[in-house]
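These notes concern the structure reproduced below.
Since the model is a prediction, treat every value here as computed from it, not as a measurement.
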Amino acid sequence: MILAYTISMKSLIITIFLVFMFSSCKINQDCSDDCNINFQPKRITSHHKKTVSSSFAQSIALQYTTEKYYKYKNNYPSVINHHDVMSITDQAGLKTPYYSANIQLPIHADIENAKIELTAIVLKSINNNTLQPLSAHEKNELQEVSNNKNVILYNKSIILKKRNNYIIKLPIQMIYSSANSNKTFVLSNFSINISFNINQNIYTSLSRNNTNNDESLRYGIEPVGYIIITTQEILENSTQIHPFIKTKTDKGYNVYIITENDWGGGIGSTAAHNIRNWLKSNYLIKNIKYALIIGYPDPDHSKVPMKVFHPRKNAKCQKDINKTPSDFYYAEMHSHFDNDNDGYCGDMGCNNNSGDLESSHIDISYEIAVGRIPVYPKDNNVDIILAKIIELNSNKTLSLKKNVLLAMDDDYGLPQNNMLVGEKIKNKILLPLDYSYIRIYDDIFPKKYNSEYTETNAENTKLALTENQFDFFVYGTHGTQTKAHGIFDITQVKNLLLNYSPVIFQNSCSNAHPENDKNLAYTLLIHSAYAVIGATRSSWYNPIHNFNSTYSGNFTFQYTKYLLENKMTVGDALYSVKENFPPIDADSWMNTLVYNLYGDPDSSLFYH
């Protein structure tokens, strides 16, 4: 069933409360999608269904903390470069920083009568390069700022009408000054309350995400769609695709299957472009949440290829590490990935060079969680993999083992780099969740962590995997297309003969290299794993562990958190890391693209 909605966009009144300040403004609706303000909304962690009758009132409370974006020198703040922090040039020609609060409302919301209030606003003054609560005298000074109409909300707010939602870009001023005392005040915390009505008889899926102290809502039309993208040849020869479809329809999905006859065919980049255009035209109508690509992943020679991105084309060094095959191309439906029209998809500007990531503000939020079952020429493994997934999805007697294997190799490179990631996973995720664990660490500092195995090698990996059963196996090491250093290689994987199938995260370079039919990720999917997340090319790590980026250490930690703590599917966990941790440079942008899922994106450790 296809539902169509027609919404009349008029004015949205924004009401601002700041203790003793009040002002209001209209949102400018004449701005199109090329406005130079970045939008990177958060994604879901959980959802529930709600039946909506004639009119449904909804309110949302979003909390923001902006202190982390400031640094100080001589008692004056400057703002740390961050994707949510922009600047506006005022009438005096000064660039004033503001926080871009991005609010997403469903396309069937009554946008004309929606209201937004800013409450619980906290401003602080600067004393000895630290933030301090306002004194009574400073509150009076701030009142003078208000009287001089230095208000907290700019008059350049924007409503963008997307394909399935409205996006309100609400710029909030971050720094204030008093002309009388030369004091500076900074915005520390604030809340946004949104209220609106939904006027249609629909089913709506309500979702929230609490990452970084804020939440977002996403609404969709039920039931959810699941799409299989494959070739006519694979469809005709597979004996397991239709039994696999039944497991999805039994879960309540509307399942769609398309081949080159539907999207218009092509090879390599042409095929990728045609597939994405088909998805863009249909994902809303069919409410597609998951896509499983079954086919040859080679980006140049396949009918269902990965798409090559160029995240490091303008990098200062190692420019040869650039081309990145990725299925992210099919997950995000709004961006023009070659916005600067230079023929290089998804390049990041550097050294005054423009790039797609800057000029188009590529939307890293995902509409569709994408997984892939690779199928190589003269390959008959697709039915083996599908049968395993069918069994795991259908077996009601399977129970969560609550056991995780952490294998962190630091035999060369910086000592403790990967072990620190393993310890953070243990301390911050596994112990609070009452999970068991086994650690295979190097013996560089065995007494420091008292790991269960004090040397990373293939023998210890085999012992741990065969003498125990794990839900999740995560390793960190240097890697090649067929080997994870100190963990195992493809020959050793084939001899494991496990009687269970864990989810595996490979924090390692090139283990999922799509052009090689013997890549380690694919070998694990055939012989051992339920699902594998791996890098199609080099992945990048930061030895000081930036845990607020998509460098590999944080990517590994956050994926584990989304999978186990938030109980996401293997696909939603992957794409939630990508969208909730925006790239901070070309290397982290490459990591956003390079990690891909081999397996069913709807698979989960928590339900079957």
Side-chain angles (χ1 to χ4, degrees), residues 43 162-164 220 224-231 234 248 253 255-311 323-338 345-346 356 360 362-375 512 514 521 531 533-537 569-579 589 592-603:
R43 181 61 53 174
K162 294 286 188 177
R163 293 172 179 84
N164 66 337
V224 169
Y226 186 110
I227 189 164
I228 297 171
I229 303 167
T230 189
T231 66
I234 293 172
K248 299 304 176 187
Y253 289 113
V255 180
Y256 307 92
I257 186 163
I258 61 170
T259 70
E260 65 271 30
N261 296 337
D262 298 290
W263 66 73
I267 299 292
S269 184
T270 299
H273 177 77
N274 290 341
I275 293 169
R276 186 167 186 260
N277 278 347
W278 189 97
L279 289 171
K280 288 168 71 174
S281 298
N282 288 275
Y283 83 98
L284 282 175
I285 298 171
K286 303 182 187 306
N287 194 32
I288 296 170
K289 182 177 180 181
Y290 296 108
L292 175 63
I293 302 172
I294 304 177
Y296 190 22
D298 188 296
D300 298 318
H301 304 102
S302 172
K303 295 179 180 179
V304 284
M306 288 187 172
K307 176 68 174 178
V308 173
F309 289 77
H310 299 265
K323 293 183 179 180
T324 307
S326 181
D327 282 329
F328 184 75
Y329 192 65
Y330 308 114
E332 199 289 306
M333 296 287 101
H334 293 152
S335 298
H336 185 345
F337 285 112
D338 188 19
C345 178
D356 299 317
S360 67
I362 287 174
D363 185 352
I364 61 170
S365 64
Y366 69 103
E367 279 66 52
I368 304 171
V370 182
R372 177 184 289 267
I373 296 177
V375 180
I533 296 85
T536 59
R537 290 293 192 269
T569 68
V570 295
D572 283 317
L574 173 64
Y575 284 94
S576 292
V577 178
K578 292 172 186 270
E579 77 169 12
W589 172 224
T592 298
L593 300 167
V594 80
Y595 285 109
N596 287 269
L597 167 63
Y598 288 174
D600 168 23
D602 179 47
S603 293

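Residues Ile294 and Thr230 share a closest heavy-atom pair of O-OG1, 2.8 Å. The heavy-atom pair separating Ile288 from Trp278 by the smallest distance is CD1-CZ3, 4.3 Å. The two residues Thr569 and Pro601 have their closest heavy-atom pair at OG1-O, 3.1 Å. Smallest separation of non-hydrogen atoms from Arg372 and Met306: NH2-N, 3.5 Å. The shortest non-hydrogen separation linking Pro325 to Thr536 is O-OG1, 2.8 Å. Here the closest non-hydrogen pair linking Ala369 and Tyr575 is CA-CD1, 4.0 Å.
In this structure the side chain of Ile227 reaches within 4.5 angstrom of the side chain of Leu279, judged on heavy atoms. Inter-residue side-chain proximity for Ser326 and Asn596 is flagged as met; some heavy-atom pair is nearer than 4.5 Å. Residues Thr259 and Thr231 form no side-chain contact, since every pair of their non-hydrogen atoms from C-beta on lies 4.5 Å or further apart. Side-chain contact between His334 and Lys280 is absent, with no heavy atoms from C-beta onward closer than 4.5 Å. Side-chain atoms of Val594 and Phe309, non-hydrogen and from C-beta on, never get closer than 4.5 Å to each other. Between Tyr330 and Val304 there is no side-chain heavy-atom pair separated by less than 4.5 Å. Side-chain contact between Leu292 and Tyr226 is present, with at least one heavy-atom pair separated by less than 4.5 Å. Counting only heavy atoms from C-beta outward, the side chains of Ser281 and Lys286 never approach each other to under 4.5 Å.
Phe328 CZ to Cys345 SG: the interatomic distance, rounded to the nearest 0.5 Å, is 10.0 Å.
Within a 6.0 Å sphere centred on NZ of Lys303, heavy atoms belonging to other residues, nucleotides or ligands number 12 at most.
A donor-acceptor pair is defined here as one N or O able to donate and one able to accept, closer than 3.5 Å; no such pair exists between the side chain of Lys289 and the backbone of Tyr253.
Lys307 and Ser269 share a donor-acceptor pair across their side chains, judged by distance under 3.5 Å alone. Inspection of the Tyr256 and Asn282 side chains reveals no N or O donor paired with an N or O acceptor under 3.5 Å.
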Residue pair Ile228, Lys248: steps toward the side-chain contact (heavy atoms from CB on, under 4.5 Å) verdict: CA-CA 11 Å; Ile228 297 171; Lys248 299 304 176 187; over 6 Å; no
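Taking the six-membered ring where tryptophan is involved, the planes of Tyr329 and Phe337 are tilted, since the angle between them lies from 30° to 60°.
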